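Okay, structure first, notes after.
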Number of protein chains: 4
Amino acid sequence: MERKEQNTDNTVEPHDHKDRYLRVDAKRNNCALLQSALTVFTTSGVDAPIREIAKQAGVGVGTVYRHFPQRSDLILAVIGQEMDNCAEAATTLTAKHAPGEALALWMQTYVDFILSIPGLAAALHSSDPAYEALTESFDSHFIPILESLLHAASNAGETCPNISSTGLLNAASSLCLKITNFDPAVARDLVSLLIDGLRYRSYINQQSSK
Amino acid sequence: MERKEQNTDNTVEPHDHKDRYLRVDAKRNNCALLQSALTVFTTSGVDAPIREIAKQAGVGVGTVYRHFPQRSDLILAVIGQEMDNCAEAATTLTAKHAPGEALALWMQTYVDFILSIPGLAAALHSSDPAYEALTESFDSHFIPILESLLHAASNAGETCPNISSTGLLNAASSLCLKITNFDPAVARDLVSLLIDGLRYRSYINQQSSK
Amino acid sequence: MERKEQNTDNTVEPHDHKDRYLRVDAKRNNCALLQSALTVFTTSGVDAPIREIAKQAGVGVGTVYRHFPQRSDLILAVIGQEMDNCAEAATTLTAKHAPGEALALWMQTYVDFILSIPGLAAALHSSDPAYEALTESFDSHFIPILESLLHAASNAGETCPNISSTGLLNAASSLCLKITNFDPAVARDLVSLLIDGLRYRSYINQQSSK
Amino acid sequence: MERKEQNTDNTVEPHDHKDRYLRVDAKRNNCALLQSALTVFTTSGVDAPIREIAKQAGVGVGTVYRHFPQRSDLILAVIGQEMDNCAEAATTLTAKHAPGEALALWMQTYVDFILSIPGLAAALHSSDPAYEALTESFDSHFIPILESLLHAASNAGETCPNISSTGLLNAASSLCLKITNFDPAVARDLVSLLIDGLRYRSYINQQSSK
DNA sequence: AATGAATGAGCGTTCATTCAT
DNA sequence: TATGAATGAACGCTCATTCAT
C-alpha cells in the first residue's frame, strides 16, 4: 500500500522494510531452506517435523512443501552434491588402485559421505514411505557402482564373488547408524572388516580349489 | 469379569482367599500381558501402540503401565527368556566348538534372536528414550559375552584381537534392520562376513609377523 | 490431586472441584457430546470441525474420536431415535390411511425429520467419504419402507408404478437443502408435489388404457 | 515468454504496438482462462482449487484473481453463454408449445444445463459465500423466466397457480445434486414429476370447482 | 498487467500418558 | 489393584489469498 518512496538516496539501505520480500527470489530462499534443513536434520534427525524446518528457515510450511513436496526431495536436495561426489569417486579410485583396494576405499568414501549428514543413515533404514524415494535414489545411484567394483575385485581374485551388492551397500549405511557412544572410527572399521571378510573368503576358496 | 472362585479349601478364611485370588489374578494378567505383548510385537513390531497390547491382553492400558512403566520394561520382560537362552548359548557353543567357530556360531544365534522379534533391531537403534533401558540391558548382557568369545578366538589365533566388542555387537543388530527387500539370509551372511574379516586380519597379521 | 474432601455437608454441591471427573461416566459425557454436536451442527453445519464439537462439549478431540470414530457415527447417534420414529411412522400411517395418503403423509414425516436436524440434508448429499456410512444407513432404513409404501399405493391404483424409490427418497432430502430464503413450508409443498405427480401419472395411465 | 512481434505495419509507432499487443495478450489470457476453467470445472467440479485452473491455463493464480476476484465471477463468466442459451430457450419453447408443455420442456432444458457442469448444482446450494453471487445471478436470470412460464401455464389451466417459482427453480437444481449411484435420467424424471404434480393439482381444482 | 512464491490458518487424526473411579 | 475414559500436543498436509517483483 505505501510503497512509492522510490528512494533516490542510496546511502540508506533499501532493504529496510519487509526485507523478506526484497530478496524474495526462490533461489535464495531455497538455499536458506536447505541450510535450515541441514541444521534441523542435525539437531532433531531427518524425521523432524516439517514445521520445525520451516520455522528454522523463517518460512511457512507451505513454502517447504512447494519446494519439496516429499520429505525425500528435501533430503536429496540437501545431499545431492555429495551423492555425485561419492559416485564419481569410484571412477577415480578404480583408476588409481588395484580392484580390491578400490573397492575398500570406495566403501570408506561412501561411509564418510553417510556419516557427514547426521541422520542420513537412519533415513535410509526408515520404513516410513516418506523416505522411499530417498532409498530408491540411493539404490539406483550406488548399487551399479558397487556392483561394478565388486566384479572387478572378484575377477581379480581379490575378493569372493558371491555377495549381494544391495546387501553390502545397506550394510555400510547400517553400520553408520548413530547409537549411544557412537564412534565413527568404529563404523569405518567395521565396514573395512566386511571387505576383509570378502578377501578371506576369496583366500579360502583358492586354498580349497587347489 | 465375573469369575467364580474355584475354592476347594474352605478352611482358610475368606479374606485370605480374596488376597490369594487377587494375586493369582494379577499373575495371570501379567502372563496374559506378556503373551499378548509377544503376539503384538510379532505382528506389529515392538513399537506397537500400548493400547493394542492392552486390548490383545484384555486389560486396561493402566494395567500395562502399572506393570511396565517404560516400554523397555515390557520388551525386556517379553524377551527375557530369549535373552537368557541366547546368553547361555555362548557357554554351550564354547564347550562344543573351537573358539573361532564358537564366536561365529554365537553371532548367528544372536542374529536369529534379534530377527525373531520384529522391530527389535530398530528399537535397539532408536534414539527414543523409551528404548534406552532396552539398549542398556542388551549391552550389559551381551557385551561381556561377546568380549569373552572374542578373547578366546583371538587367543587361539583364529581372529584378530583389536576389535570393539560394543561395535561388533551393534553391527550385528544393525545388519538386522528391516529395509526394502530385506532378506534374513543376507543379514546372516553379512554377520558371518564380519567374522571372516576378523579371520582375515588374523591371517594377515600372522603372515606379516613371520 | 486434591480430592479427599468427601464433603458430608450435602447442602454444598459435591461436584465442585473438577466436576468434569465427578460425573465422568461415559454415558453422561456421551449425552453432553450429542447435545453439543447437535448445537454445533445447527450452528456450523454437519461438516463442522471435530475440534469445534469437542470444544463445545468441553472435552478433548480424542474423546470425540473414542465415542464416534467416524463422523457418520456421531451424526447417526444424534439422530438415531428420530430415524426409528420416522421408520415406525410408516406402519402407523399405513394402518390409518389409504395407501396413497399414507405414502404422502410418510413423505411429509420424512421431510419433517430431515428438516428437524439442521445440516442433515447437506450431509446426505455430501460426496465426502466421511458421510458414506450415514447415507448407507439412511438407504437401508428408508428405501425398503418407501418401496413398500409405493407398491401399496401403486397397487391401489392411486399412484403410478414406475418410479425409483431411491430417487424419490433422495429427492425428498434434496428438497430440504437450505438455501437463501429457505422456507420449510415450500420444501414440504414440493415433496407433496412429487406425490401429486405420481397421482397424475396414474390418472393419465388409467385414462389412456380405457 | 519471449514472443516475436509479427509486425508488418512499420508505419505505426512502436509504443502503440506494445499497447495493442498487451491488450491482445490480456484478451487471450482471458479466453484461455475461460477455456481452462471450463475444462477444470468439467473434470474436477466448480470447486476445484484456483491453482489448478491457473495451471491449466498456463497463467499465475494472481491473474485469475485479477480477472475474477470471486469464484462466482469465474463460474459466471464460464457459463454465461449457456445461461443465456437456457434463458432464450424459454422464448423458443413458448412459441412452439402449449404453455404447460413449454414449462415442462424448459425445466428439462434447465436441468440439462445444470447437469452439464459438474458441481454446479452443489455450488448453487452451497452456503459458502464464494458462491453467493452465483446464486443471486441464477435467481435474477431464471426466476422471472420461470415465473412467466408458470403464469402462462396456470392461466391456460394446465397447471395450478399457487407455487413458489423460487422454490421450484431451486428444486430443479436440488434434484441434480450428485449422490451415490446418481442417474441423470432419474433427476430429469423427478423434475418432470414436479410438473406433473402441478398438472394434477390443476385437475383436482377444476374437478372440485365444478 | 502478470506472476507465482509465500503465507499460515485450519483440518483430520494418532497416541502416550494421566488419573478419577 | 485394575480400569479405560479423557486429554491434548503434535503431525502431515491443503489451499485461499496476498503482494513484492
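Chain naming here is simple, since letters A, B, ... match the order of the sequence lines and numbering starts at 1 in each. Here the structure is a predicted model, which means the values were calculated and not measured.
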request  = Measure from the side-chain N and O atoms of C/Arg71 to the backbone N and O of C/Ala48, and report whether any donor-acceptor pair falls under 3.5 Å.
outcome  = yes
Considering only distance and modelled atom types, tabulate donor-acceptor pairs under 3.5 Å from the side chains of residues 122-131 of chain A, sequence neighbours left out.
residue, atom, partner, partner atom, Å
A/His125, ND1, A/Ala121, O, 3.0
A/His125, NE2, A/Asn170, O, 3.4
A/His125, NE2, A/Ser174, OG, 2.8
A/Ser126, OG, A/Asp128, N, 2.9
A/Asp128, OD1, A/Ala130, N, 2.7
A/Tyr131, OH, A/Val46, O, 3.0
A/Tyr131, OH, A/Asp47, N, 3.3

ask   = Do the side chain of B/Arg66 and the main chain of B/Val61 share a donor and acceptor less than 3.5 angstrom apart?
value = no
task = Could you tell me which residues satisfy side chain to side chain donor-acceptor pair (under 3.5 Å) with B/Ser44, sequence neighbours excluded, listed by chain and number?
result = B/Glu52
ask   = Are the side chain of D/Thr63 and the backbone N or O of D/Val59 linked by a donor-acceptor pair below 3.5 Å?
value = no
request  = Identify, with sequence neighbours excluded, every residue that meets side chain to side chain contact (heavy atoms under 4.5 Å, CB included) alongside D/Leu76.
outcome  = D/Met83, D/Leu134, D/Ser137
ask   = Base, backbone or nothing for each nucleotide of nucleotides 10-16 of chain E, written B, S, -, heavy atoms under 4.0 angstrom, 5' to 3'?
value = BBBBB-B
ask   = Looking at A/His67, does any N or O in its side chain come under 4.0 Å of the phosphate oxygens OP1/OP2 on E/dA6?
value = yes
query = Whole-Å distance between F/dA2 C1' and B/Lys55 NZ?
reply = 19 Å
key: More than 12 heavy atoms from other groups under 6.0 Å of NZ on A/Lys55   = no
By side chain to side chain donor-acceptor pair (under 3.5 Å) - contacts of A/Gln35 (at least two apart) = none
Nucleotide-level pairing of DNA chain F, given in dot-bracket where Watson-Crick and G-U pairs need both distances under 3.5 Å and | marks other strands = .||||||||||||||||||||
request  = Would you mind reading off the distance between D/Leu33 atom CG and E/dA1 atom P, rounded to a whole angstrom?
outcome  = 15 Å
Rounded distance (Å) that lies between atom C1' of F/dC15 and atom CG of D/Asp128 = 13 Å
inquiry  = Between P on F/dA6 and CZ on C/Phe68, what's the gap in Å once rounded to a whole number?
reply    = 10 Å
